[in-house]
Amino acid sequence: MQTLVAWFVFLLLIAAAYPTAAWLLARSPFPADAPLKLAVTLGLGSGTLTLLMFWWGLTGVLFNPWGITGVY
């Protein structure tokens, strides 16, 4: 059950990164087609989540999934 919840939360975080990816690509001189938007969205979503967990782990903050997604 925890695995399904983790996948669901991850998909929600990926979906939340789409507007930022579209905004970044709108300012780019390159044409923003669908595969590029998808690649940037996946990179932003998973990268932001990983970076947030990394910094929380380095500072010794105890975290739970709801705390991470709330900050995200």
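- To the nearest 0.5 Å, atoms CH2 (W7) and CG (L12) are separated by 13.5 Å.
- Connection of V40 to L11 is not established within any shared hydrophobic cluster, with ILVMFWY side chains joined at heavy-atom distances below 4.5 Å, either directly or through further cluster members.
- Contact detail for A16 and P19: the closest heavy-atom pair is O-CD, 3.3 Å.
- Linking ILVMFWY side-chain heavy atoms closer than 4.5 Å, directly or via other members, places L13 and L52 in a single hydrophobic cluster.
- Linking ILVMFWY residues whenever their side-chain heavy atoms come closer than 4.5 Å, directly or via other members, leaves L42 and Y18 in distinct clusters.
- As a member of the Ile/Leu/Val/Met/Phe/Trp/Tyr network built from side-chain separations under 4.5 Å, L4 groups with nothing else and remains a singleton.
- Residue W55 is found in a hydrophobic cluster whose other members, listed by chain and number, are L51, F54, L58; membership requires side-chain heavy atoms under 4.5 Å apart, directly or through intermediates.
- Side-chain contact between L24 and L44 is present, with heavy atoms from C-beta onward closer than 4.5 Å.
- In plain terms, the two heavy atoms of I14 and T41 that are nearest each other are O-CG2, 3.3 Å.
- Here the side chain of T48 pairs no donor or acceptor atom with the backbone of G45 at under 3.5 angstrom.
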